[in-house]
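Comments concern the structure below.
Remember, it's 1-based here, ligands and their atoms both numbered in the order they're listed. Heavy atoms only: backbone and side chains are in, while hydrogens, waters and symmetry mates are out. In this chain, numbering begins with 1 at the start of the sequence shown.
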Amino acid sequence: MAGGEPNPPGIDITKPNIARVYDAFLGGKDNFAADRAVVELTLRIAPDAVAGAKANRAFLRRVVRYLAREAGITQFLDIGSGLPSSGNVHEIAHEVNPAARVVYTDNDPVVLMHGQALLADKRTAKVVTADVRRPAEFLEAPEVRDFIDFSQPVALLMFSILHHISDEEDPAGITAKFRDAVVPGSYLAISSFRMPGPEHPEDTAKALAVQKLFNEKLGTGLWREHLEILNWFGEWELLDPGLVPMPEWRPEVQGQAKRNSTYYGYVGGVARKP
Ligand code: SAM
């Protein structure tokens, strides 16, 4: 789309959009000038924001590999999945177990369009349009229930979506509904923007400035307190090393992570339903 291809029908390309701005951060091709303008403005405030987006994708890949290989999970719900990127959930899971089942869900119609093209010949992965703010609609949809066996453990993946949900929209209530819908032995993985805190005043100032920019341009984007994010895991058992800057979550290579301005402001964790 970036190369002057026709606009997808029904899409306003003059307005930046979360999925496409994120795609632009990752160097993808499914974005337009208005999306890239938000990236440029962000990089003026936080020049290492691209590294933050890449750390999120790397965290996703390590988590899915862990869940498929070590935890033996065979069913994945990728909620707020975004546009196809490098190392999509089904690609990682299928490296371990070709029979693993993945449902991608997002409320963006462009994600559906690209996902359907990517998954056209797949019987083990599908994409469904749904809004995370209405968990029941998604969890009870026949196209999901015919595909996922809810009597068996499921991995709920909520990477970089809950910081796009406002306090009024109740992210704690949303996560609770998803947690209640799955059996013991299921997992919940979350990544989220986090306020770096008083120990990191420069990073906090940058987080506040990018938060302001995102809300002006996209209408969302919240850097929350650590305890608010922890609360989304409910009573589930948080795996080691806990809710941490993503490069610290079970890195494949030790001691490589750079403490840049996105390091303390972007965290991830995984928990298991006891
Ligand atoms: N999960 C992917 C990742 O971490 O690489 C993509 C993250 S992207 C920053 C956030 C995604 O959440 C976007 O694709 C956006 O369309 C989606 N999203 C935002 N609000 C949503 C909602 N209310 N329901 C479903 N998806 C939503």
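Remark: ligand 1 and Asp131 share an N or O pair separated by less than 3.5 Å (distance only, no angle test). Residue Asn56 places at least one N or O, backbone or side chain, under 3.5 Å from an N or O of ligand 1. The shortest N/O to N/O separation between Phe159 and ligand 1 falls below 3.5 Å. Ligand 1 has a nitrogen or oxygen under 3.5 angstrom from a nitrogen or oxygen of Val132. Considering both main-chain and side-chain atoms, His163 never comes within under 3.5 Å of ligand 1 through any nitrogen or oxygen pair. In terms of polar-atom proximity, defined here as any N/O pair under 3.5 Å, Asp106 does make such a contact with ligand 1.
The single protein non-hydrogen atom nearest to atom 11 (C) of ligand 1 is Gly80 O, 3.6 Å, given as residue, atom name and distance. Here the protein heavy atom with the shortest distance to atom 18 (N) of ligand 1 is Asn107 OD1, 3.6 Å. Among protein heavy atoms, atom 2 (C) of ligand 1 sits closest to Ser81 O, 3.2 Å. Summary of contacts: the protein heavy atom closest to atom 10 (C) of ligand 1 is Ser160 O, 3.3 Å.
One finds no salt bridge joining Arg36 and Glu40 here, because no Lys/Arg side-chain nitrogen approaches an Asp/Glu carboxylate oxygen to under 4.0 Å. No salt bridge links Asp203 with Arg259; every basic N to acidic carboxylate O contact stays at or beyond 4.0 Å. Salt bridge annotation for Asp180-Lys177: absent, with no cationic side-chain nitrogen under 4.0 angstrom from a carboxylate oxygen.
The residue Ser85 has no part lying near ligand 1, judged by heavy-atom distances below 4.0 Å. The proximity of Thr220 to ligand 1, defined as any non-hydrogen pair under 4.0 Å, does not occur for either the backbone or the side chain. At a heavy-atom cutoff of 4.0 Å, ligand 1 is contacted by the side chain of Tyr22 but not by its backbone.
At a cut-off of 3.5 Å, with distance as the only test, no side-chain donor of Thr204 or Tyr264 sits close to an acceptor on the other residue.
Ring-centre distance between Phe76 and His90: not below the 6.0 Å cut-off.
Nearest heavy-atom pair, Phe147 versus Thr124, reported as atom, atom and distance to 0.1 Å: CZ-C, 3.4 Å.
In the hydrophobic cluster analysis, where Ile, Leu, Val, Met, Phe, Trp and Tyr join through side-chain heavy atoms closer than 4.5 angstrom, Ile161 is grouped together with Val103. If you chain together hydrophobic residues whose side chains sit under 4.5 Å apart, Leu188 and Val244 never meet in one group.
Residue Gly82 has at least one heavy-atom neighbour below 4.0 Å for each of these atoms of ligand 1: 6 (C), 14 (O). Interface of Ala130 with ligand 1, defined as ligand atoms under 4.0 Å from a residue heavy atom, comprises 24 (N), 25 (C). Within ligand 1, counting atoms from 1 as listed, the ones closer than 4.0 Å to a heavy atom of Arg133 are 23 (N). If you number the atoms of ligand 1 from 1 as listed, the ones under 4.0 Å from a heavy atom of Asp108 come out as 16 (O).
More than 12 heavy atoms of other residues, nucleotides or ligands lie within 6.0 Å of CD in Glu199, so this atom counts as buried by the packing criterion. Dense packing is recorded around NZ of Lys126, with more than 12 heavy atoms of other residues, nucleotides or ligands lying under 6.0 Å away.
Side-chain contact between Val21 and Asn31 is absent, with no heavy-atom pair separated by less than 4.5 Å.
The closest approach between Ser191 and ligand 1 stays at or above 4.0 Å for every heavy atom of the residue.
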